[in-house]
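Numbering starts at 1 and runs along the sequence shown.
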Amino acid sequence: MSSTKQFQVTFDCAEPERLARFWCEVLGYVVPPPPEPFATWDDYRRSQPPERRDSWFACTDPSGAGPRLFFQRVPEGKAVKKRDRLDVRVGTGLVGGERLAALEAERARLEPLGAVHVQTLYDGHDACIPMLDIEGNEFCID
């Protein structure tokens with residue numbers, strides 16, 4: 001029995017490129033080169049029929065360690081809380097005030113990008129900050 005070697009995380013969304021670029025900034029990911037034989041993403045876009053233009057976008061971890069993130073346009077909007085989310089891990093190994101300070105610094109970095117602060121959960125030892133991305137998808141700074 002073989003194990004899975006690679007996977008991607010797929011997001012349904014309204015504006016794939018905009019959301020992908022947001023997550024590039026959050027995670028330090030990059031936009032991959034356009035598909036062959038296109039020199040630019042604009043060249044690729046122009047080659048597509050109108051109904052397929054801007055229907056997807058992706059970003060990748062430049063180190064190759066993290067999964068590819070794939071964003072696909074869907075007609076319906078987000079209706080309910082999702083049962084999965086990304087956790088942005090910036091406080092690993094930290095506790096108490098040091099952990100809270102690291103998480104708050106990341107929150108302050110992400111808010112100008114369009115992230116929305118939901119609440120700060122802190123019990124004096126552990127902390128987590130639930131946020132929303134630019135399309136209202138939940139994620140946590142952890």
Side-chain angles (χ1 to χ4, degrees), residues 1-36 38-48 50-142:
M1 192 172 194
S2 67
S3 63
T4 301
K5 303 288 187 219
Q6 294 183 347
F7 69 94
Q8 74 178 9
V9 178
T10 301
F11 294 81
D12 291 350
C13 59
E15 297 179 70
E17 183 172 352
R18 181 173 175 251
L19 191 56
R21 290 187 184 280
F22 169 83
W23 281 103
C24 280
E25 290 295 322
V26 171
L27 300 174
Y29 272 38
V30 297
V31 173
E36 291 289 337
F38 302 99
T40 69
W41 278 104
D42 285 338
D43 292 343
Y44 173 75
R45 233 179 250 109
R46 284 190 292 274
S47 77
Q48 298 297 297
E51 67 276 4
R52 293 201 48 213
R53 284 188 194 132
D54 302 316
S55 65
W56 67 272
F57 211 79
C59 58
T60 58
D61 179 352
S63 74
R68 177 181 190 239
L69 303 182
F70 184 79
F71 302 85
Q72 62 186 4
R73 185 178 60 221
V74 296
E76 68 277 359
K78 182 177 175 288
V80 297
K81 183 180 188 289
K82 294 183 347 182
R83 294 184 62 156
D84 55 1
R85 66 171 188 272
L86 296 182
D87 286 342
V88 179
R89 316 261 354 250
V90 298
T92 303
L94 303 176
V95 296
E98 188 178 15
R99 178 175 173 81
L100 181 60
L103 274 56
E104 288 290 349
E106 184 68 356
R107 178 188 60 80
R109 183 181 80 84
L110 300 181
E111 286 179 318
L113 300 175
V116 175
H117 177 235
V118 174
Q119 65 182 328
T120 299
L121 303 171
Y122 180 58
D123 65 7
H125 178 74
D126 200 6
C128 175
I129 301 179
M131 305 278 291
L132 301 175
D133 72 14
I134 59 175
E135 287 202 5
N137 300 302
E138 299 86 4
F139 71 98
C140 285
I141 301 172
D142 176 18

Between Ser63 and Asp61, is there a side-chain donor-acceptor contact under 3.5 Å, judged purely by atom types and distance? yes
Do Ser55 and Gln72 get their side chains close enough for a donor-acceptor pair, meaning under 3.5 Å?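 Judged by distance alone, the side chains do not pair up.
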Okay, side chain of [X], backbone of [Y]: is any donor-acceptor separation there less than 3.5 Å?
| X | Y | result |
| --- | --- | --- |
| Trp23 | Asp133 | no |
| Arg73 | Pro16 | no |
| Arg109 | Val26 | yes |
| Asp123 | His125 | yes |
| Glu135 | Ala14 | yes |
| Arg68 | Gln8 | no |

Charged N-O contact under 4.0 Å between [X] and [Y]:
| X | Y | result |
| --- | --- | --- |
| Arg107 | Glu111 | yes |
| Arg45 | Glu17 | yes |
| Asp54 | Arg18 | no |

To check you understand the geometry: which heavy-atom pair defines the closest contact between [X] and [Y], and what is its length?
| X | Y | value |
| --- | --- | --- |
| Phe139 | Ala115 | CZ-CB, 4.1 Å |
| Tyr122 | Ala127 | CD1-CB, 3.7 Å |
| Ala58 | Pro32 | O-CD, 3.3 Å |
| Pro67 | Phe7 | CB-O, 3.4 Å |

With ring centroids as reference points, do Phe71 and Phe57 lie under 6.0 angstrom apart?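 Ring centroids of Phe71 and Phe57 are no less than 6.0 Å from each other.
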I need the [X] [atom1] to [Y] [atom2] distance, nearest 0.5 Å.
| X | Y | atom1 | atom2 | value |
| --- | --- | --- | --- | --- |
| Phe22 | Asn137 | CZ | CG | 9.5 Å |
| His117 | Gln119 | NE2 | CD | 7.5 Å |
| Ile134 | Leu113 | CD1 | CG | 9.0 Å |
| Cys140 | Met131 | SG | CE | 10.0 Å |
| Leu103 | Asp126 | CG | CG | 9.0 Å |
| Cys13 | Leu19 | SG | CG | 5.0 Å |

What do the steps show when you test Cys24 against Val31 for side chain to side chain contact (heavy atoms under 4.5 Å, CB included), and what is the final call? CA-CA 7 Å; Cys24 280; Val31 173; 4.1 Å; yes
Side chain proximity check, Thr120 to Leu100, heavy atoms < 4.5 angstrom: yes
Do Val30 and Thr60 come within less than 4.5 Å of each other through their side chains, counting heavy atoms only? yes
By ring pair (Phe, Tyr, Trp, His ring centres under 6.0 Å) - contacts of Phe70 (at least two apart): Trp56
For Tyr29, which residues count as a ring pair (Phe, Tyr, Trp, His ring centres under 6.0 Å) partner, sequence neighbours excluded? none
Glu98 atom CD, over 12 foreign heavy atoms within 6.0 Å: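 No, the 6.0 Å shell around CD holds no more than 12 heavy atoms from other groups.
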So for atom CZ, which belongs to Arg53, do other residues, nucleotides or ligands contribute more than 12 heavy atoms lying within a distance under 6.0 Å?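 Buried by this count: over 12 neighbours within 6.0 Å.
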